[in-house]
Amino acid sequence: MPQKEQNSDICSRTKDEFFIRETFTIAKKAKSLTYPNPLVGALLIKNNEIIGEGYHKKYGGPHAEVEAINDCLHKGNSPKDSTLYVSLEPCSHHGKTPPCTDLIIKSGIKKVVFPFMDPNPKVNGLEELKKAGIETTCGILAHQARSFNQAFLKHQTTGMPFVTLKIASSIDFKIWSPEITKITGLESQKFVHELRSKSTSVLTGIGTILKDNPYLTVRLVKGKNPTPVILDSTLKIPLKSNVLKQKNTIICTTIKNSPKKEQLKKLGIKILTFKTLSNLKPILKKLADLGHINILVEGGQKIINSFINQNLTDRILLLISDIELGEYGPATLPKSLPNFEITNTKKLKKDIMLELRQIHHL
């Protein structure tokens, strides 16, 4: 390839990467509001200037491409002959909204750039755009695009939710104490509340409810409250528990019929009944079917061990404080974390966050 053409290709790819990165930033504004749909952002570019932008704001609402085109028209611009940058392959089927490809073609957009193909078998946007004579580029920053839609991708390919296990630990690896209610500092607590705001649901066991009476809400940052999910095999949960103040709370139990079950239902609580709560996979599959595809697990020692031992954890976020609990911390971390590797570390004032991922896992 002549040097001039090679330089031109490099410049084009650099520009594509820049604008695709911008779609990531826009997409993440929605946090968890789009689930079980993906987070998607879109930009319309003409003469190297942004003439329209948008993102998928909530499930059932207009897709990012539609938002960008509408924004373009609202500003008095024309999308004709522009390039559309979008963080996922445009949809080509009727779902909650019409196909985005139809509007893209109708708008006269000349080129569409996106990182990766939608794993949904109903989506065939790339071929539809090609048939219409629109230039397409796929594969720009695909790995980065997948990273913030990991819950959507796992659900589409396996039917299961993406599970994050959050563990707060003292420096001597104790995870609970009757003497100290807050093991980690304020920055770590804000970090956890941000995690909650990006999750469809937060799951814990009845032991945590009885010990701590948590709200499991988002308070230290701005964001939507996740749906609380409580594993409570014999319905020990007190009717005045703080978590029951959220009317969308889900309780998983083995009790088929009881007066307390009816009382909980009258409070607006959803009850899911299983043969056993020891086997977590059917529970997670049911939750995913209900749209809970990005689950944050905040539990005690029993819950932690169950998720790890049953190989149902995609990511562990371990928050380690500088507090030493000693004999005041009876519950400890698992002795080993097989099949996990540290992928990230972060300082949170006096605390340290370790991110561990499943090896050879989506």
Side-chain angles (χ1 to χ4, degrees), residues 7-31 33-34 37-59 61-93 95 97-120 123-153 156:
N7 290 340
S8 176
D9 286 345
I10 292 171
C11 289
S12 177
R13 185 170 182 87
T14 301
K15 183 178 78 170
D16 287 348
E17 288 182 356
F18 174 82
F19 286 124
I20 285 294
R21 281 197 179 92
E22 289 299 302
T23 69
F24 298 167
T25 302
I26 298 169
K28 292 173 186 177
K29 291 181 180 180
K31 292 189 176 180
L33 298 179
T34 66
N37 282 356
L39 298 170
V40 184
L43 290 172
L44 280 170
I45 307 298
K46 189 184 286 187
N47 299 323
N48 291 325
E49 293 185 0
I50 298 173
I51 60 171
E53 64 180 77
Y55 65 99
H56 185 33
K57 294 177 181 175
K58 64 179 181 178
Y59 178 65
H63 287 187
E65 301 93 321
V66 177
E67 292 278 11
I69 292 170
N70 288 342
D71 180 58
C72 173
L73 296 172
H74 179 73
K75 291 174 177 175
N77 299 318
S78 170
K80 191 175 189 313
D81 294 327
S82 66
T83 297
L84 172 67
Y85 289 89
V86 60
S87 58
L88 179 66
E89 178 188 16
C91 71
S92 58
H93 69 291
T97 59
C100 291
T101 50
D102 289 358
L103 183 60
I104 292 169
I105 294 166
K106 183 181 176 181
S107 298
I109 291 167
K110 69 175 183 179
K111 183 179 179 181
V112 178
V113 181
F114 57 94
F116 68 98
M117 307 282 282
D118 192 318
N120 187 337
V123 175
N124 195 25
L126 178 64
E127 291 305 314
E128 292 296 322
L129 295 173
K130 283 182 175 180
K131 284 180 186 177
I134 296 175
E135 183 183 350
T136 58
T137 300
C138 174
I140 303 292
L141 300 178
H143 178 72
Q144 292 92 324
R146 288 175 175 273
S147 68
F148 68 86
N149 266 316
Q150 52 201 347
F152 166 75
L153 292 168
Q156 283 291 320

Got a second to check how far Thr101's OG1 is from Glu127's CD, nearest 0.5 Å? 12.0 Å
Closest heavy-atom pair and its distance - Ile26, Gly54: CG2-O, 3.6 Å
Does Pro115 reach the side chain of Ile20, with side-chain heavy atoms less than 4.5 Å apart? yes
Could you measure the distance from the CD atom of Glu49 to the NZ atom of Lys46? Nearest 0.5 Å is fine. 11.0 Å
Can you list the residues that meet the side-chain contact (heavy atoms from CB on, under 4.5 Å) rule with Lys58, with sequence neighbours excluded? Leu33
Please check if the side chain of His56 supplies one atom and the backbone of Pro62 the other of a donor-acceptor pair under 3.5 Å. yes
Interatomic spacing from SG in Cys100 to CD1 in Ile105 - rounded to 0.5 Å: 11.0 Å
Cys91 to His63 - nearest heavy-atom pair and separation: SG-ND1, 3.6 Å
Residue of the set Asn37, Thr23, Asp118, Leu39 for which side-chain contact (heavy atoms from CB on, under 4.5 Å) holds with Leu88: Asp118
Heavy-atom closest pair, residues Lys110 and Ile134: O-CG2, 3.6 Å
Value rounded to 0.5 Å, distance of CD in Glu67 from NE2 in His74: 12.0 Å
Closest non-hydrogen atom pair between Ala27 and Ser87, with its separation: CB-OG, 4.2 Å
So which heavy atom on Phe24 is nearest to which on Leu141, and how close? CZ-O, 3.8 Å
dist Leu129:CG -> Lys131:NZ (nearest 0.5 Å) comes out at 11.0 Å
For Cys72 and Pro79, the nearest pair of non-hydrogen atoms, with its separation, is SG-N, 3.6 Å
Would you indicate whether the side-chain heavy atoms of Val113 and Lys15 approach each other to under 4.5 Å? no
So, does Asn149 use its side chain to make a donor-acceptor pair with the main chain of Pro38 at under 3.5 Å? no
When you measure from the side chain of Glu89 to the backbone N and O of Leu126, does any donor-acceptor pair fall under 3.5 Å? yes
Test Leu103 against Glu65 for side-chain contact (heavy atoms from CB on, under 4.5 Å), laying out the working first. CA-CA 9 Å; Leu103 183 60; Glu65 301 93 321; over 6 Å; no
Kindly indicate, with the supporting measurements, whether the criterion side-chain contact (heavy atoms from CB on, under 4.5 Å) is fulfilled by Phe148 and Gln150. CA-CA 6 Å; Phe148 68 86; Gln150 52 201 347; over 6 Å; no
Rounding to 0.5 Å, atoms CZ (Phe116) and CD (Gln144) come to a distance of 11.5 Å
Between Ile51 and the options Ile69, Leu73, Leu44, the side-chain contact (heavy atoms from CB on, under 4.5 Å) test singles out Leu44
